[in-house]
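In the text below, chain A, chain B and the rest are named by the order of the sequence lines, each starting its count at 1. Scope of the values below: all heavy atoms of this structure, side chains included, with no hydrogens, waters or symmetry mates.
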Number of protein chains: 2
Amino acid sequence: MTDINFSKGHVASDSQEAASPAPRAGEFRWDIIELLFFAYRDFVGDADHELEAFGFGRAHHRVMHFVYRYPGLKVADLLDVLRITKQSLGRVLKQLLDEGYIVQKTGNNDRRQRLLYATPKGEALVAKLAGLQTDRITRALRDINPEGAAAISEFLRAMIDRDDPDKVLEAIFGIGSKKPRE
Amino acid sequence: MTDINFSKGHVASDSQEAASPAPRAGEFRWDIIELLFFAYRDFVGDADHELEAFGFGRAHHRVMHFVYRYPGLKVADLLDVLRITKQSLGRVLKQLLDEGYIVQKTGNNDRRQRLLYATPKGEALVAKLAGLQTDRITRALRDINPEGAAAISEFLRAMIDRDDPDKVLEAIFGIGSKKPRE
DNA sequence: CAAGATATGTCAACATGACTGACATAAATT
DNA sequence: AATTTATGTCAGTCATGTTGACATATCTTG
C-alpha cells in the first residue's frame with residue numbers, strides 16, 4: 001500500500017524545466033532548502049514533545065531559552081530577538097511569571113526596565129529541552145571532523161542577516177559589524 | 001540608548017551553572033542551537049516577505065514547494081510530509097486550487113487518488129521563492145570549500161529522523177531504511 | 001456481488017500564537 | 001512642566017494548527 005508512485009519530475013538530476021519564469025537557468029539549491037526544512041522540523045520537534053507535558057508551546061520555549069541564556073535581558077531586547085509584538089510576548093511572559101519560571105527585577109539605572117531572570121524551575125526546563133536538542137546535534141556531528149564542524153558553524157552564521165543585529169546577535173557575533181544602515 | 005546591559009551570565013565560556021537540574025555537566029551546544037534558530041528565522045523570512053504580496057502564508061509555500069518538486073504527489077503523501085491534518089491542509093490546498101496554482105488529476109491506477117501538479121503560475125511562485133533562498137544559501141557557502149560543503153550536507157541529513165520516513169524523505173535519502181514499524 | 005477498507009473532502013468548534021490599534025502608568029529626559 | 005520611553009493591558013482579528021463527525025467515490029476482499 002501507498003507505493004512510491006510520484007514521478008519525481010523536477011527532482012535533482014532532472015533535465016530542464018519547461019516553466020515560463022526561468023529565473024536563473026534553474027540552479028536552485030533544492031538540496032539545502034529541503035534539508036533545512038526537515039532538519040529544523042525534527043530539531044524543534046524534540047522540544048515540542050516535552051513542552052506538551054508542561055502545557056507550554058514553542059513561544060514559551062523561545063522566551064525561556066533567551067532569558068536563561070542572557071540573564072537580565074530587558075523586555076525590549078526580547079522583543080527584538082523574537083521579532084514579535086509586546087502584546088504577543090505579554091501573554092506568554094505572564095504565564096511564565098505566574099507559574100514561577102521567570103522573575104522580573106527593576107533595573108538599577110533605569111527603574112522603568114524590567115530585567116528578566118530564569119528561576120531554578122525555569123533553568124530546569126531550559127536544560128531539559130537543551131539536552132534533547134544537544135543530543136541530536138552531538139549525534140549529527142559524530143562522524144564529522146573538526147574542519148567540517150567549523151564549516152557548519154561558519155555556514156549557519158553566514159545564513160543570518162547581519163544588518164541591524166539585535167542584542168543577542170551582537171553577543172553571538174561579538175559586536176562586530178555595528179553597521180547603522182542609513 | 002538601549003545599551004548592551006544584560007550580564008551574559010550563562011553565555012558560552014561561563015564556568016558552571018548553579019542550577020539544580022545539572023543534566024550532564026553542562027555541555028550543551030548553545031552555539032548550534034542558537035545559530036539554527038537565527039539561521040532558520042532569516043531563511044524563511046526571505047519567503048515570508050514575498051508571500052505577503054500574494055496573500056499567502058508559510059503554509060501555502062510549503063504545499064507549493066513539495067507539489068512542484070514532486071509532481072503527482074498524492075494528498076496523503078503531502079499530509080505525511082507536512083505532518084498536519086487533512087482539514088488543515090484542505091483549507092490551504094483549496095485556495096491554491098481555486099487560484100490556479102495547483103491542479104489535481106485523478107490517479108490512473110487508483111481513481112480515488114488526487115495527484116497534485118503545479119501549474120506554470122504555481123511554478124513561477126515556487127521559483128521566485130526558491131531563488132531568494134538559493135541566493136542566501138549561495139552567499140553563505142561562498143567562502144566554504146567542497147569538503148566543508150559536504151560536511152554541512154552530512155550534518156543536516158544526520159539531524160533528520162530516519163525512522164518512519166515519508167515519501168519525500170525516502171526520495172531524498174534514496175529509499176534506505178524502509179523500516180515498517182508494526 | 002456485498003461488505004468493508006481506503007482516499008479524499010467538508011462542516012463545525014476550538015486553541016495557539018501571531019497581528020493592529022488604543023490607551024494607561026511610571027520613570028527618565030529635555 | 002512637557003515629552004519621551006519602557007512596559008503593561010484591553011479588545012478584536014487573522015493564520016494555521018487541532019478534534020470529531022460524517023459523506024462520497026472507489027478499491028479490495030470474503
Among all residues two or more places apart in sequence or in another chain, which pass the side chain to side chain donor-acceptor pair (under 3.5 Å) test with [X]?
{"X": "A/D166", "result": "none"}
{"X": "B/R111", "result": "none"}
{"X": "A/R112", "result": "A/D110"}
{"X": "B/N145", "result": "none"}

Output the residues of residues 46-58 of chain A in contact with DNA chain D, where contact means a heavy atom of the residue under 4.0 Å from an atom of the strand; sort by number or write none.
none

Within residues 94-105 of chain A: residues closer than 4.0 Å to DNA chain D (heavy atoms)
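Going residue by residue through residues 94-105 of chain A, the ones with a heavy atom under 4.0 Å of DNA chain D turn out to be A/Q104.
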
Distance check needed: [N] [atom2] versus [X] [atom1], whole Å only.
{"X": "B/Q113", "N": "D/dA25", "atom1": "CD", "atom2": "P", "answer": "18 Å"}
{"X": "B/L79", "N": "D/dT18", "atom1": "CG", "atom2": "C1'", "answer": "14 Å"}
{"X": "B/L89", "N": "C/dT8", "atom1": "CG", "atom2": "P", "answer": "10 Å"}
{"X": "B/L82", "N": "D/dA15", "atom1": "CG", "atom2": "P", "answer": "19 Å"}
{"X": "A/M64", "N": "C/dG17", "atom1": "CE", "atom2": "C1'", "answer": "18 Å"}
{"X": "B/L116", "N": "C/dT8", "atom1": "CG", "atom2": "P", "answer": "8 Å"}

Salt bridge (Lys or Arg N to Asp or Glu O under 4.0 Å) partners for A/E147, two or more places apart:
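Once residues adjacent in sequence are excluded, A/E147 has no partner under the salt bridge (Lys or Arg N to Asp or Glu O under 4.0 Å) criterion.
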
Test: B/D31 and A/R157 ion pair at under 4.0 Å
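Looking at B/D31 and A/R157, the cut-off is not met.
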
Walk me through whether A/Q133 and B/I32 qualify under side-chain contact (heavy atoms from CB on, under 4.5 Å).
CA-CA 9 Å; A/Q133 298 186 321; B/I32 303 292; over 6 Å; no

How would you list all residue pairs meeting salt bridge (Lys or Arg N to Asp or Glu O under 4.0 Å) that involve residues 86-97 of chain B, not counting sequence neighbours?
B/K94-B/D98

Got a sec, which residues hit side-chain contact (heavy atoms from CB on, under 4.5 Å) with A/R83, two or more places apart in sequence or on another chain?
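With sequence neighbours excluded, A/R83 shows a side-chain contact (heavy atoms from CB on, under 4.5 Å) to B/R41, B/D42, given in chain and number order.
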
Per-pair distances, 0.1 Å, donor-acceptor, side chain in residues 53-67 of chain A, under 3.5 Å, sequence neighbours excluded:
residue : atom : partner : partner atom : Å
A/R58   : NE   : A/D48   : OD1          : 3.2
A/R58   : NE   : A/D48   : OD2          : 3.0
A/R58   : NH2  : A/D48   : OD2          : 2.8
A/H60   : ND1  : A/G57   : N            : 2.9
A/H60   : NE2  : A/Q95   : OE1          : 3.3
A/H65   : NE2  : B/E34   : OE2          : 2.8

Check whether B/R29 reaches the backbone of A/T134 with its side chain - one donor and one acceptor, N or O, closer than 3.5 Å.
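Pair absent, no side-chain N/O of B/R29 close to backbone of A/T134.
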
Exam field: side chain A/K167 to backbone A/A76, donor-acceptor pair closer than 3.5 Å:
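Checked: no pair found.
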
Starting from the first five and the last five pairs of the helix from C/dC1-D/dG30 to C/dT30-D/dA1, work out the angle between the resulting helix axes, to 10 degrees.
20°

Euclidean distance, A/L93 CG relative to A/S88 OG, rounded to 0.5 Å
11.5 Å

Could you encode protein contacts along nucleotides 19-30 of chain C as a string, one character per nucleotide from 5' to 3', using B for base contact, S for sugar-phosphate-only contact and - for no contact, with a heavy-atom cut-off of under 4.0 Å?
BBBB----BS--

